[in-house]
Number of protein chains: 2
Amino acid sequence: MDFSKRILNMQASPIRKLIPYAEAAKKSGKKVLHLNIGQPDLETPKAFFNYIEKHKPEIVAYTHSAGLYELREAFSKYYNENNIPFSPEDIIVTNGGSEAIIFALAAIADPGDEVIVIEPFYANYRGFAEMINVKLVPVRALPETGYAVPSTEEFEKVVSSKTKAIIFSNPSNPTGAVYSEEELKRIVDFAKKYDLYIISDEVYREFTFDGTKHISTMAFGEYDRTIVVDSISKRYSACGARVGVFATKNKDLYNQVIKMAQSRLCPPMIAQLGTIGLLEMDKSYIEKVYKEYDKRRLSVYNELLKIDGAIFEKPKGAFYVSVKLPINNSEKFVKWMLTDFSIDNTTVMVAPLSGFYATEGSGTQEIRIAYVLDSEKLKFATHILAEAVKAYNNKK
Amino acid sequence: MDFSKRILNMQASPIRKLIPYAEAAKKSGKKVLHLNIGQPDLETPKAFFNYIEKHKPEIVAYTHSAGLYELREAFSKYYNENNIPFSPEDIIVTNGGSEAIIFALAAIADPGDEVIVIEPFYANYRGFAEMINVKLVPVRALPETGYAVPSTEEFEKVVSSKTKAIIFSNPSNPTGAVYSEEELKRIVDFAKKYDLYIISDEVYREFTFDGTKHISTMAFGEYDRTIVVDSISKRYSACGARVGVFATKNKDLYNQVIKMAQSRLCPPMIAQLGTIGLLEMDKSYIEKVYKEYDKRRLSVYNELLKIDGAIFEKPKGAFYVSVKLPINNSEKFVKWMLTDFSIDNTTVMVAPLSGFYATEGSGTQEIRIAYVLDSEKLKFATHILAEAVKAYNNKK
């Protein structure tokens, strides 16, 4: 009785694996400010539970495998308002964005097939790919360029007859980059040239700052090759609802993916109801949330500027910023902050970036900060980080 | 741009693929009694929504990847009351039983590896296995024996160096069989002899009739090789909640599977809350439900006896009965009932059993009836079925 190779190859969550150190720190009486995970502290809008209360059914029955039609209509309306022409028939509601990614990868790639990913990337792509034996082939974005889309030459270097797709998130988790029209067009042109699918993870669509604007990959009209992955988790601070979206205008692909959706019967019904409530809210909610994150972003950014030798650009989107620190091993550094460092009996937990790379030995100087606390706390947390860098380097 | 071979190999849900014919029948004004899908008509207990209302959080946040600890405690209590010694630490709450099966298969089998399944089997096992490229190897149970566990010789015929596990549901979906201690012991002994995992799908645990008793595979003490798959869907008429369980006392296996659970972050939070409410109810609920299904079972059984040449045994468990009918193609027959047959402008939809087999060309005379309507309706539905068999054979 062995375990499968695929499960042995799977890494423990890089975001979660240091949690025991945080727990030990708390047990010892330290306060830990968590900037390691993309779990917003904002209240989930009341509209979520109000809609459930008002529409709760007698029987919590299976819904359509693609999700409640009313919900798909509400999503379709939302997309159309964002100039993304998805109809309810283009949408499959999923168990979070996670399942949408698994569906996309499984439908277009067999074991051994390859999917190009811009790294650093959302760490769980790796787990999903390993679960279904698809190989992620990384192309590197660099902190020195603000993690911009790599040059087409870099993509050309890794493309092969086994390449089926390219996957990326925009706005980017973990880097906070927002891709420009020119950058996206390069990706789309590359996908056209090699006849690849594009898996476009757009869960942070609303969070673009400093006048940048999110451009959906759908804007380039390559409908047959474009798959959009989405989620309500961040937009509505409803991570635990587990409501995501797989969407494509490629009908044949949709009809293939629906078979997987039917196998697992349906996405969670109660959360689907709540999501209708969320999507029915007016835009003032998102505007308020947007302003809050913008404030937080600047508060982190201004403190980061005080770290000598830190390499980063002002983050433009999502609620993350990746930073290259003047330290030699960010995982050890993050651990050390939990075990050996504090200011006013408070320390901070961030995510080492190495787990967000597919290339071994990469990201060892980088960290990801999720700005998911209020700006005062964030200012203090980033100050702790800055002081920790100094102390860590002095102790050597 | 192709689709993956795995998705092309995946069959459309055999339960759902005839739905267009049912829809057409309804459009034409016919009433269709649905016995094709295991969606109970019983009300979900109020305890579900009451608990949510009372404990709804400010933030619908990610829960622990294994599920809320309070929920795992409630499941553990339930298992211990059923003499199944799972602690909260043995349990991973999943997106329905579906995800538990995917987790089990992915953790123990690589692409090309084999898992023995007693057929006919829950049709979606096939979809899950195809999604992750595991090969299901069937061993056949026969209508003539009440779909009893096949002889050990039959299992010996198909076991190979690639076999990693044996999977089955008990009580059985689709057959309604309940395995005896002797039958289960044979499975366990076989698994021991060839060092296989046992994936024991026990979602219909409470539904065993005529004095039979469900025996969990855990009763044989082979803790390291035993994985229990469970779900609240049927027990509490809460199919749409999507709350299932993967449970094992094999710590190493648990620690492997938790990596997959972490990748997809967590199971749906609101439904987890509701499930705590369900598990806190006293046993009178299950007893009431049990009596209702027993009544239904007898009402279907007594009408089935009137079909000359039908081969079946009195179903002992779950809420299904599989029947071999004196017809030559059950899929065509099911279609024909929808398009060409009715009594009092009413027809019935059942599931052709061929989709519940991995062996091509099998089950072509068999159907599955889900007794998910009240006994009066069921009596009428089974009467329609009996008359349809006669009419179908006469028309030829």
Side-chain angles (χ1 to χ4, degrees), chain A residues 1 3-8 10-13 16 39 41-44 48-49 53 56 58-63 95-96 98-99 106-111 113 124 127-128 131-133 195-197 224-225 237-242 253 256 259-260 262-271 274, chain B residues 1 3-8 10-13 16 39 41-44 48-49 53 56 58-63 95-96 98-99 106-111 113 124 127-128 131-133 195-197 224-225 237-242 253 256 259-260 262-271 274:
Chain A
M1 279 193 327
F3 303 124
S4 62
K5 287 182 204 79
R6 66 173 127 211
I7 194 79
L8 292 172
M10 203 177 287
Q11 65 173 356
S13 162
R16 295 182 176 221
Q39 168 58 62
D41 64 329
L42 303 180
E43 198 181 319
T44 309
F48 184 83
F49 286 109
E53 178 56 26
K56 64 184 182 208
E58 294 271 295
I59 306 174
V60 182
Y62 293 126
T63 69
N95 284 305
S98 303
E99 191 183 52
I108 61 171
D110 281 310
D113 284 343
N124 289 323
F128 305 143
M131 185 170 153
I132 60 171
N133 295 84
D195 204 19
L196 308 177
Y197 288 100
D224 272 355
R225 67 181 77 251
S237 194
C239 296
R242 311 314 295 132
L253 176 61
Q256 293 298 330
K259 295 192 286 185
M260 274 185 283
Q262 287 183 347
S263 282
R264 59 61 158 144
L265 304 163
C266 72
M269 184 207 218
I270 310 306
Chain B
M1 275 190 335
F3 303 125
S4 63
K5 287 182 203 78
R6 66 174 127 210
I7 194 80
L8 293 172
M10 205 176 286
Q11 64 173 356
S13 162
R16 295 181 177 223
Q39 169 59 61
D41 64 329
L42 302 180
E43 197 181 319
T44 310
F48 185 82
F49 286 108
E53 179 55 29
K56 64 184 183 209
E58 295 271 295
I59 306 174
V60 182
Y62 293 127
T63 69
N95 285 305
S98 303
E99 190 183 52
I108 62 172
D110 281 309
D113 284 343
N124 289 322
F128 305 143
M131 182 170 154
I132 59 170
N133 295 84
D195 204 19
L196 308 176
Y197 288 100
D224 272 355
R225 67 181 77 252
S237 195
C239 296
R242 309 317 294 135
L253 176 61
Q256 293 298 329
K259 294 191 289 186
M260 275 185 282
Q262 287 183 347
S263 281
R264 60 62 158 141
L265 303 163
C266 72
M269 185 209 217
I270 310 306

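The figures that follow rest on heavy atoms only: side chains count, while hydrogens, waters and symmetry mates do not. So you know, we letter chains A, B, ... as the sequences are listed, proteins then strands, and number each from 1. No experiment lies behind these values; they were computed from the predicted model shown.
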Problem - Pairs of heavy atoms under 4.5 Å with chain A: top-ranked of B/I270, B/D195, B/L42, B/T63 - result: B/D195
Exercise for the section: Report the C-alpha separation of A/I7 and B/M260 in whole Å, then their side-chain angles, then the decisive distance to 0.1 Å, and conclude whether the side-chain contact (heavy atoms from CB on, under 4.5 Å) test is met. Expected result: CA-CA 8 Å; A/I7 194 79; B/M260 275 185 282; 3.3 Å; yes
Exercise for the section: Without swapping roles, check the side chain of B/Q39 against the backbone of A/A61 for a donor-acceptor pair under 3.5 Å. Expected result: no
Fill in the blank from the handout: Looking only at A/A271, A/G274, A/A241, the option with the highest number of non-hydrogen pairs under 4.5 Å against chain B is A/A241
Fill in the blank from the handout: In terms of heavy-atom contacts, B/S263 and A/F128 come closest through O-CZ, 3.3 Å
Problem - Heavy-atom side-chain contact between B/N124 and A/R264 under 4.5 Å - result: no
Problem - Selection from A/M131, A/E58, A/E99 maximising heavy-atom pairs under 4.5 Å formed with chain B - result: A/E58
Problem - Residue among B/S237, B/G96, B/P268, B/G127 with most heavy-atom pairs under 4.5 Å to chain A - result: B/P268
Practice task
Could you go through the side-chain contact (heavy atoms from CB on, under 4.5 Å) check for B/R242 and A/M269 one step at a time?
Solution key: CA-CA 8 Å; B/R242 309 317 294 135; A/M269 184 207 218; over 6 Å; no
Handout entry: A/F3 side, atom CZ; B/L253 side, atom CG - distance, nearest 0.5 Å
Key = 5.5 Å
Exercise for the section: Heavy-atom distances under 4.5 Å only: say whether A/T44 touches chain B with side chain, backbone, both or neither. Expected result: both
Handout entry: Any donor-acceptor N/O pair, A/Q262 side chain to B/A12 backbone, under 3.5 Å
Key = no
Completion exercise
Taking every heavy atom of A/I132 against every heavy atom of B/R6, the minimum-distance pair comes out as O-NH2, 2.9 Å
Fill in the blank from the handout: In terms of heavy-atom contacts, B/N95 and A/N95 come closest through OD1-OD1, 3.4 Å
Handout entry: Contact check, side chains of A/Q256 and B/L8, non-hydrogen atoms, under 4.5 Å
Key = yes
Problem - Closest heavy-atom pair and its distance - B/I59, A/E43 - result: CG1-CA, 4.0 Å
Handout entry: B/S4 side chain to A/A107 backbone, donor-acceptor under 3.5 Å
Key = yes
Handout entry: chain B contact via A/F49 - side chain, backbone, both or neither, heavy atoms under 4.5 Å
Key = side chain
Problem - 4.5 Å side-chain heavy-atom contact, B/L265 and A/C239 - result: no
Practice task
Name the region of A/Q11, side chain, backbone, both or neither, that has any atom closer than 4.5 Å to a heavy atom of chain B.
Solution key: backbone
Handout entry: B/K259 side chain vs A/M10 backbone, donor-acceptor pair below 3.5 Å
Key = yes
